[in-house]
Amino acid sequence: MARINKDQLKQLVEAAIFVADSPLDDTALMEGVLANWTVSKKQLADCLKELELDYRPRGVQLVKVASGYRFQSNPALSPFLARLWQEQLPRYSRAMLETLALIAYRQPITRGEIEQVRGVSVSSHIVKTLTERGWIKVVGHKEVPGRPSLYGTTKGFLDYFSLRSLAELPSMDAFAQLANSTNSVETAEGLPPQNVKVH
Amino acid sequence: MARINKDQLKQLVEAAIFVADSPLDDTALMEGVLANWTVSKKQLADCLKELELDYRPRGVQLVKVASGYRFQSNPALSPFLARLWQEQLPRYSRAMLETLALIAYRQPITRGEIEQVRGVSVSSHIVKTLTERGWIKVVGHKEVPGRPSLYGTTKGFLDYFSLRSLAELPSMDAFAQLANSTNSVETAEGLPPQNVKVH
Amino acid sequence: MADDSEHKELEIQQPLPFAFIHGEAVLEKPEDLYIPPDALEVILEAFEGPLDLLLYLIRKQKFDILNLPVAQITRQYMEYVELMKDLNLELAGEYLVMAAILAEIKSRLLLPKRSEGDDEEDDPRAELIRRLREYELVKHSAEELDQLPREERDVFVAAARVDESCQPIKVQPDVALQELVLAFQAAMQRASAFEHHHITPEVLSTRERMSQILDLLQGDKFMPFGAFFSAEEGRAGVVVTFLAMLELVKESMLDLVQADAFGDIHIRARTV
C-alpha cells in the first residue's frame with residue numbers, strides 16, 4: 001500500500017466529507033477513500049482534529065454527529081441563511097379574512113360570537129394563524145360560563161394596514177361605494193372570487 | 001441597512017454557497033443572504049476572490065459555473081472519491097453525445113436538423129434522457145409545417161460540465177467557421193427529406 | 001511508417017477494443033475490406049451511420065476529403081452494403097439512402113461537363129463533402145465533450161448541511177384593506193344582520209379602546225380610574241375611554257368600584 005503525505009490526506013478526508021451524501025465515520029473513511037493508502041488511526045484522528053481547527057473560524061464547521069463527521073453551517077449564521085429557503089405562504093381563505101374583519105370591527109369579541117355571525121365554526125387554525133402573525137391577541141375573558149377569550153386587534157395590525165387607530169377603518173358608509181366598485185377592485189388585484197378559498 | 005465586516009461577509013457567503021441546493025450567483029447572494037446588509041458589488045467580488053484563494057490548496061474548491069458559484073472537489077481527488085458511490089458511473093453513448101454536441105453548438109435546432117447532420121434518425125429515447133437530465137429543453141418552435149420543437153441547452157448542462165458559458169465549449173470556433181463558410185443550415189435544409197427520414 | 005502512424009491515430013480515437021470476436025479483442029477496425037463475417041454485425045453497430053462509415057473509409061485510405069474519389073469510395077461502400085445484405089443483417093435504411101446518393105454522384109461525374117471551369121457549385125460531390133466535414137466536426141466535438149471534466153466522474157459537488165437552528169423563512173401573504181372591509185360586509189350580510197349593526201367610526205374607536213382597557217386589566221388586579229385617561233388625547237380621547245368603559249360595564253366585562261364617596265374609582269376585569 002502506498003504512503004500518503006499529511007497534506008494529501010487532509011485534502012482527501014476534507015473532500016470526502018464534503019461530497020458524501022451522509023456523515024462519514026472513521027471506518028467509512030478508512031475502508032472507502034483511504035483504502036489504497038497506509039494510514040494509521042492516529043494519523044486520521046490528527047487529520048480530523050486539524051480540519052476541525054482549520055474550519056473553526058469559518059462559515060461552515062466540521063462536527064461529529066452520531067453517524068460520523070460532516071460539515072455544517074455555523075449556527076450564528078442561521079438567521080441569514082434562512083433566506084435561502086424562503087417560502088411564500090398561500091393567500092388567506094375567506095374564513096380567515098372574515099374572522100379577522102369581525103375581530104377588527106367588533107372587538108373585543110369571543111370566538112363564539114364570531115361563529116354566531118358567520119354561522120359556521122371558526123377553526124383553531126385560523127385563530128392560531130392570526131395570533132402568530134401578531135394581528136390579534138387575547139385582551140381578556142368574558143365572564144360567562146367557560147370564560148371564553150375575548151379577542152382584539154394589535155398595534156401590529158394597525159401598522160400593517162397603515163392605520164393610526166381603528167377609527168380609520170372604512171365605515172359602513174364606505175361599504176356601499178366599495179360594493180359598487182367590487183368588481184374593479186377584484187380585477188385590479190388579480191383576485192377573481194374563486195381565489196378566495198373557503199376552507 | 002446594517003454594515004457587515006469583512007470576516008462576517010466571508011463567513012456568510014461561504015456558508016451560503018456550501019448549504020444552498022444549487023449554485024448561487026451574485027444576484028442570488030445579494031438579494032438572498034446579504035439582503036439585510038450594505039454590501040457593494042466590489043466587496044462581494046473581493047470576498048469571492050479571497051474565498052477562491054483560501055480554498056485553492058484544499059480538497060474542495062470554489063468555482064464559478066453557468067448558474068453561479070459552488071464548491072466542488074479537486075479533480076485530482078476524483079479517483080478516490082468515486083469510491084464513495086457504489087453505482088456505476090453513467091455512460092453516454094456516441095449517439096447521445098453527438099446529439100448533445102449538436103444541440104449545444106447549433107442551438108436552437110430541431111430534431112430534423114440533427115438527423116440531417118448526423119445522417120441517422122435520432123431516437124426519442126435520447127431526447128427524453130437529455131431532457132430528463134435537465135441538459136436540454138424546448139426553447140421554441142420552428143415556423144415550418146408541423147412546427148417542430150427547437151432545442152437548446154440549459155444552465156444545468158453547463159454546470160454539469162463545469163462551464164460558465166457556451167463560449168467555453170471546445171471547438172466553438174470551428175463550428176462558427178463552418179457555419180460561415182457554407183451556410184450549412186440552409187443547405188442542409190435544402191436536402192430532400194427522404195435523405196434522412198428513412199427509419 | 002505510414003501504417004504505424006495510422007495505427008496510432010486509430011488507437012487515440014478508439015482506446016477501447018474495437019470489438020470482441022470469439023472473446024478476443026479486435027483492437028482496430030478491419031485492415032481492408034475483408035471482414036470476418038461474424039464480426040460484421042458488431043462492426044456495423046460501431047458506426048453511427050452511413051456518414052460515420054464513409055468517414056472511416058476515407059480516413060482509412062488516406063483520401064483527401066476535399067478531393068473525394070467518389071468512384072473508389074462508392075465501390076468500397078457498396079461492398080460493405082452487399083456484405084450486409086448477404087448476411088441478411090437488418091440494414092438501416094440510412095445506409096441504402098447513402099448508397100443511392102453515392103451512385104447518383106458517380107453517374108453525374110461520368111457525364112460530360114456542360115461548361116469549362118472548376119465551379120464547386122457544379123461539383124456533384126460538393127454537398128456530400130460538406131456533409132462529411134460537418135459530421136466529422138460533430139463527431140470530434142462529441143469526443144471533446146466526453147473529455148470535459150464532468151460531475152459524477154471528475155468533480156463532485158461539495159455541500160454542507162445547514163445548522164438545525166436555521167428555520168426557513170415563511171413569507172406571509174399580503175392582505176389589502178379592501179379585502180378586510182369586503183370580508184366584514186360579506187359576513188354581516190350573510191348573518192342577515194346588516195341593518196342591526198350600524199358601525200360608525202366613533203363606535204369603532206370605542207371598541208378599540210375597549211380592547212385596550214381589557215388588555216391593561218390583566219388578572220384581577222384593580223387599577224385606578226385615572227390611569228386610563230391621558231391629557232394628550234384631549235377631550236375626544238376622554239370621551240372615547242369613558243364610552244368604552246360604559247360599554248364594558250354594560251357587557252358585564254368590567255367592575256367599577258368606589259370605596260368612599262368622592263374617593264378614587266378603581267377598575268378591574270370582572271371575574272366570576
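Labels below follow one simple rule: chain letters A, B, ... track the order of the sequence lines, proteins then strands, and each chain is numbered from 1.
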Steps toward side-chain contact (heavy atoms from CB on, under 4.5 Å) verdict (Val157(C), Phe18(A)) | CA-CA 8 Å; Val157(C) 176; Phe18(A) 264 126; over 6 Å; no
Please state whether the side chain, the backbone, both or neither of Val175(C) comes within less than 4.5 Å of a heavy atom of chain A.
-> both
Can you say whether Leu77(A) sits under 4.5 Å from chain C via the side chain, the backbone, both, or neither, judging by heavy atoms?
-> neither
Select one option (side chain, backbone, both, neither) describing which atoms of Gln172(C) are under 4.5 Å from chain A's heavy atoms.
-> both
Which portion of Val63(A) sits near chain C, non-hydrogen atoms under 4.5 angstrom = neither
Hey, is CD on Gln88(A) packed in by over 12 heavy atoms from elsewhere, all under 6.0 Å?
-> yes
Above 12 or not: heavy atoms from other molecules or residues under 6.0 Å from CZ of Arg161(C)?
-> no
Who wins among Ala160(C), Ala183(C), Ser211(C) for the most heavy-atom pairs under 4.5 Å with chain A?
-> Ser211(C)
Evaluate the side-chain contact (heavy atoms from CB on, under 4.5 Å) criterion for residues Leu163(A) and Leu177(C): first the C-alpha distance (whole Å), next the side-chain angles of each, then the deciding distance (0.1 Å), finally the verdict.
-> CA-CA 10 Å; Leu163(A) 302 170; Leu177(C) 190 56; 4.3 Å; yes
Are any of the side-chain heavy atoms of Leu89(A) and Val171(C) separated by less than 4.5 Å?
-> no
Greatest number of non-hydrogen atom pairs under 4.5 angstrom with chain C, of Ser162(A), Gly140(A), Ser165(A), Ala20(A), falls to Ser165(A)
d(Lys170(C) NZ, Glu132(A) CD) to nearest 0.5 Å is 8.5 Å
Go through the steps for Glu179(C) and Arg91(A) under the test salt bridge (charged side-chain N to carboxylate O under 4.0 Å, His left out), then give the verdict.
-> CA-CA 11 Å; Glu179(C) 288 179 80; Arg91(A) 297 194 65 86; 3.2 Å; yes
When rounded to the nearest 0.5 angstrom, what is the spacing between CG in Leu150(A) and CG in Asp215(C)?
-> 11.0 Å
Begin with the C-alpha distance, continue with both residues' side-chain angles, and end with the deciding distance and a verdict on side chain to side chain donor-acceptor pair (under 3.5 Å) for Asp174(C) and Tyr160(A).
-> CA-CA 10 Å; Asp174(C) 284 329; Tyr160(A) 181 87; 3.1 Å; yes
Could you tell me whether a side-chain N or O of Arg207(C) sits under 3.5 Å from a main-chain N or O of Arg106(A), the two making a donor and an acceptor?
-> yes
Hey, does the side chain of Glu143(A) reach the backbone of Met253(C) with a donor-acceptor pair shorter than 3.5 angstrom?
-> no
Considering heavy atoms only, which positions within residues 78-85 of chain A lie below 4.5 Å of chain C?
-> Ser78(A), Leu81(A), Ala82(A), Arg83(A), Trp85(A)
Side-chain polar contacts of residues 4-16 of chain A - donor-acceptor pairs under 3.5 angstrom, sequence neighbours left out - could you list them?
residue: Asn5(A); atom: OD1; partner: Asp7(A); partner atom: N; Å: 3.0
residue: Asn5(A); atom: OD1; partner: Gln8(A); partner atom: N; Å: 2.8
residue: Lys6(A); atom: NZ; partner: Glu50(A); partner atom: OE2; Å: 3.1
residue: Gln8(A); atom: OE1; partner: Asn5(A); partner atom: N; Å: 3.1
residue: Lys10(A); atom: NZ; partner: Glu50(A); partner atom: OE1; Å: 2.9
residue: Lys10(A); atom: NZ; partner: Asp54(A); partner atom: OD2; Å: 2.9
residue: Gln11(A); atom: NE2; partner: Pro57(B); partner atom: O; Å: 2.7
residue: Glu14(A); atom: OE1; partner: Gly59(B); partner atom: N; Å: 2.6
residue: Glu14(A); atom: OE2; partner: Tyr55(A); partner atom: OH; Å: 2.5
residue: Glu14(A); atom: OE2; partner: Arg58(B); partner atom: NE; Å: 2.4
residue: Glu14(A); atom: OE2; partner: Arg58(B); partner atom: NH2; Å: 3.2

How far does CZ of Arg209(C) sit from CD of Gln107(A), to the nearest 0.5 angstrom?
-> 11.5 Å
Per-residue contact mode, Ile109(A) against chain C (heavy atom under 4.5 angstrom) = neither
Check whether any side-chain heavy atom of Ser73(A) sits under 4.5 Å from a side-chain heavy atom of Glu164(C), and report yes or no.
-> no
CZ/Phe242(C): more than 12 non-hydrogen atoms of other groups inside 6.0 Å = no
Mind running side-chain contact (heavy atoms from CB on, under 4.5 Å) on Phe184(C) and Ile103(A) for me, showing each step along the way?
-> CA-CA 9 Å; Phe184(C) 182 63; Ile103(A) 293 172; over 6 Å; no
